[in-house]
Amino acid sequence: MQYDFTAIEKRWQERWAQLGTFRTLNPGDPGFDPNAPKYYVLDMFPYPSGVGLHVGHPLGYIATDIIARYKRTRGFNVLHPMGYDAFGLPAEQFAVEHGVHPRITTEKNIANMTRQLKRLGLSYDWDRALATTDEEYYRWTQWIFLQLHNAWFDPSKKQARPIAELIRGLESEQYLIDADGELVYAGAGRDLTALTGQPIGTRTWGELTQEARLNLLDEVRLAYLAEVNVNWCPALGTVLANEEVTNDGKSERGNHPVFKRPLKQWMLRITALADRLESDLSMVDWPEAIKLMQRNWIGRSTGARVEFDVAFSDGARPRGDSVDVGEAGDGSETISVFTTRPDTLFGATYMVLAPEHPMVESLTSGAQWPAVEEYRRQTAAKSDAQRQAEAASGQKTGVFTGGYALNPVNNERIPVWIADYVMTGYGTGAIMAVPAHDERDWAFAKQFHLPIRQVVAPADGKEIDITVAAFCQEGVAVDSANESISLDGRPTAEAKALITRWLEENGLGRGMVQYKLRDWLFSRQRYWGEPFPVLHAPDGRVVALDESELPVRLPEMADFSPTASDDPAAPPQPPLARAPDAWKYVTRSGTRYARELNTMPQWAGSCWYYLRFIDPKNGKRFVSAEAERYWMKGGIDLYVGGAEHAVLHLLYARFWHKVLFDLGHVSTPEPFGRLFNQGYIQAHAYTDARGVYLPAEEIQERGGKHYHNGEEVKQEFGKMGKSLKNSVAPDEVCDQYGCDTLRLYEMYLGPLDQSKVWNTRDIIGVHRFLQRVWRLFIDETTGNPRVADAAPSPEVTRLLHKTIKRVTDAMEALSFNVAIAALIEMNNELLKQYPPEAKDKALPIAVAEPFVLMLAPLAPHMAEELWSKLGHADTLARERWPSFDPQMLVEETVEYPVQINGKLRGRVTVPSDADNLAIETAARADEKVQASLDHRATDCVAQVLTSAEFTAALLILSPFGAINDKTRVVPKDAAHDE
RNA sequence: GCGGGCGUGGCGGAAUUGGCAGACGCGCCAGACUUAGGAUCUGGUCCCGAAAGGGGUGGAGGUUCGACUCCUCUCGCCCGCACCA
């Protein structure tokens, strides 16, 4: 009876399903063990694609499955769920192209993907499976949106708080409203958000009209409507996220032109949490690279905001002098800038506004107006690619506005320019230019012959020539003094602090922190997404639905395609605009409200799925508090997925989680305690002379060259997929070798976090291993197990304990390739000890059972089969992982390598209890060692180095090489005490 | 340009605290068996050398009795960001 993987795998997959082997109990369920530690191991949420899985997809799923199975045998309650991120563009695009409703396509794809995953023997609790498109799921996605909408960010607490709490604060006049309509915290006596001067007249909540009150609240909500510049793709009929737009300004799907255009959109105030999103990265165990990417994306920089008074062309005016200056401005205008180098303020010789800056019009002189207008027109028309090319070349463009501003530190009148190297979206959209100490300003100043003034010198006193290059490092301030402040001689850090304080005292600015992170554009003009749980009143006001009115279901529609157009100015027409009136309008107390016609982006559903897995059937709450507290303690224990989600998904989900945390709905500040990035599986791809990709399975290899129908072709490699025609389906591999082989092969390919190349021909290696395991355990003629109750030899016992240690260590380190190698070695050795043809030598049960248990997470079907052949009626899924005895690792004799001056000169074998002197004597007696010592002085110092393990090194030093303090000396005897 | 990561046989990779480089697998070479197969088994396989021995972890230096491992420089590849003030 040979290893019949097809029958074995089918049998065990059916049994696991029948027995509910991998069903996971929640706290409170009968039979739940509250004393067992928990382990929540999660895969990144897959999109159920129509083309099915290729072998690259399950790489991470196999790894997490191995861990899940391993942890079960270590006594953990393991939560290991799977589900589908099923809303989104591809399903809808497919649906549009084929005229099938996206729900039908999606369900079909989910069924196929589930079948493919089940075939891999993954130990998910399938009872917890869910899809973001389930009404009972997106009901709670909408509920979370309501939480965001009904919350604001309280800067004094640095927390998201219910809007009702703000209203109470306003009613009790803890908060006032200043002249600009900004909130002022009365308790602290200083304003929180407004940055300029003193508010002239603050008002109380009671003094506001009802409309003003509602406006105020709408402005601070974490989900708010705003007119923003979006990527509008008329051909797709939707706005696109930045990441859906290519560098040359085309849509990633379909390569259609994309235009910037202001549209009223739902936004989520992720920027309010920027600070915590950054600092809380210190709480999680993630790859440093990913943390770094998030930090860069959030882009925190500390500096100061500085106010520059506008000075007009007829001459500088003292600050605060309100002079009517006619068409040029109203005289009280100031230009706010953000700088990270306030210490260089004395070196600011001009200013630059972004071309779109709102003050450009009032600043520009009549003479400069045509040039300014022309420049603004040009930059608006410029593609992102052009801008990037200019940026790379160091070429700067810009135009003088004719206007001037006053440098607040020295009242110097400096020209104000506009240039597209200053961007509207960051800081205030305006900068003070310090060409001596900023590369960009320097290049601009050189190009337009603007003055360059050095105000920082290198700390080491070195002379620099500021006309040759900008000096951007820190140093000491020079030529930076006025009547009331001097920075001269101060190191940069000190100078920054000093000038910032001076600015604050004089009401000219204040220290502040800036982020690159933008608020999250949350609307899509698509059908296949979560509807927003809000209504629009006839007066334009937004009314949020009540929780009890959820879910807002997607309407059934015959035509769900977006309205495409070639006209960039065409009005957006979301598909839901064509929904039946019965869906679109809701009448309440005689008023007719309109539903929101946009839908949520795909990210919405994936922001919280890990919470729903905990309690997927709960109809009362998005997740039960008790189950959430249990499973989320310390965050998810292991979250495995690709690095492509480094910033977007992982940042969005953290943001939602923190809001839910602040509002008391979840118990932990961070969702993902440990993150692991798997590498990609790549595959060879082949092109013919024309550069056209050829199906990889039709290629023959001869002598290192590759041929297709006899023609030599070029070998490349890249991510597996349709476009490179190099996909391999897991189904094919399962048919030919079985999924245990596929699982082993994928893990044996190399370290989990590295990318690796798929090589179908290598699969045979691990398949042979499984066949040899089978032959070790099973008599192929009778089908009976070849085991006996006999005691294993000391050598075999040592081998067993050594292997247990190696495999256990490798499991903990997620080094599955190493774990498999250790099992292969053990199996090879056992086959030598107990060869199948030797009928009298049977495998001792004391060795057979632990071996099977170690194999089980990796090749579970074969392990279960062998386990039952060994006479066990139950599944091994919850058997205890074997343990090793360090005592058993000690060999009777030890082979020591002998190093002389660090070079290997010989090997000696001594009894393992030999002392240093005995080892040294044996070493000195060795011929080769003697030959090496011959031409040296005789009075060598010998040192025996041992480790806690069975290997050890003997070191003999020549006389001049006395032991220095860097040499770690472990006395032989001490090592044995461990 | 800035930031991060990685370079070990023909290939994938292993090597715990700085202490025997190349475990394990593929491929290749030689052989065995044979119901002739893309099966199985045995042996070999870093380089130079007949051997003794020597060299060797992208390259060049350095620290150390001793470096794949630590430091400096450099080359190559991969990833992220991209005028963020």
*Tell me whether the OP1 or OP2 atom of B:A14 has a side-chain N or O from A:Asn817 closer than 4.0 Å.*
yes
*asked:* Reading RNA chain B from 5' onward, which residue's closest nucleotide shows up sooner: A:Ala821 or A:Asp809?
replied: A:Asp809
*Could you state the atom-to-atom distance from CG of A:Leu744 to P of B:C26 in whole Å?*
13 Å
*So, is B:G9 syn or anti if syn means the angle is within 90° of 0?*
syn
_Contact list please: residues 421-429 of chain A against RNA chain B, heavy atoms, distance less than 4.0 Å, in numerical order._
A:Tyr421, A:Val422, A:Met423, A:Tyr426
*Closest-nucleotide ordering on RNA chain B, the 5'-leading residue of A:Gln2 and A:Ala822*: A:Ala822
*If the P atom of B:U40 is compared with that of B:C68, how far apart are they to the nearest Å?*
37 Å
Measure all distances between protein nitrogen or oxygen atoms and nitrogen or oxygen atoms of nucleotides 40-43 of chain B, and list the pairs falling under 3.5 Å.
unit_1, atom_1, unit_2, atom_2, d
B:U40, OP1, A:Gln771, OE1, 3.1
B:U40, OP2, A:Arg768, NE, 3.4
B:U40, O3', A:Arg775, NH2, 2.9
B:C41, OP1, A:Arg775, NH2, 2.9

*asked:* Quick check for you: among B:C81, B:G25, B:A85, whose closest atom lies nearest to any side-chain atom of A:Lys516?
replied: B:C81
*A:Thr339 side chain: which of B:C81, B:C83, B:A85 is closest?*
B:A85
_Show, in sequence, the C-alpha distance, side-chain angles and deciding distance for A:Thr344 and A:His437, and conclude whether the side chain to side chain donor-acceptor pair (under 3.5 Å) test is met._
CA-CA 8 Å; A:Thr344 62; A:His437 307 293; over 6 Å; no
*Would you indicate what A:Ser301 reaches in the nucleic acid, counting non-hydrogen atoms under 4.0 angstrom: base, sugar-phosphate, or nothing?*
sugar-phosphate
*Describe the nucleic acid contact of A:Asp420 in one word from base, sugar-phosphate, nothing, applying a heavy-atom distance below 4.0 Å.*
base
*Is the backbone N or O of A:Asp762 less than 3.5 Å from a side-chain atom of A:Asn759, with the two atoms forming a donor-acceptor pair by type?*
no
*So which nucleotide from B:A23, B:G25, B:G3 ends up closest to the side chain of A:Leu292?*
B:G3
*Could you spell out the base pairing of RNA chain B in dot-bracket, with Watson-Crick or G-U pairs whose two distances are under 3.5 Å, [ ] crossing and | to another strand?*
(((((((..(((......[....)))((((((.(..)..))))))(((....)))..(((((..]....))))))))))))....
Using a cut-off of under 3.5 Å, enumerate the N/O to N/O pairs linking the protein to nucleotides 5-12 of chain B.
unit_1, atom_1, unit_2, atom_2, d
B:G12, O2', A:Leu749, O, 2.5

Contacts table for residues 809-819 of chain A: side-chain donor-acceptor under 3.5 angstrom, sequence neighbours left out:
unit_1, atom_1, unit_2, atom_2, d
A:Asp809, OD2, A:Lys805, NZ, 2.9
A:Glu812, OE2, A:Tyr70, OH, 2.7

*Does A:Lys396 make a cation-pi contact with A:Tyr421 (under 6.0 Å, within 45 degrees of the axis)?*
yes
*Qualifying salt bridge (Lys or Arg N to Asp or Glu O under 4.0 Å) pairs with a residue from residues 338-354 of chain A, counting only residues at least two apart or across chains*: A:Arg341-A:Asp343
*Roughly how far apart, to the nearest Å, are B:A23 and B:G12 at atom C1'?*
13 Å
*Can you tell me how far P in B:C26 sits from the matching atom in B:C75, rounded to whole Å?*
40 Å
*Between B:G1 atom P and A:Gln395 atom CD, what is the distance in whole Å?*
18 Å
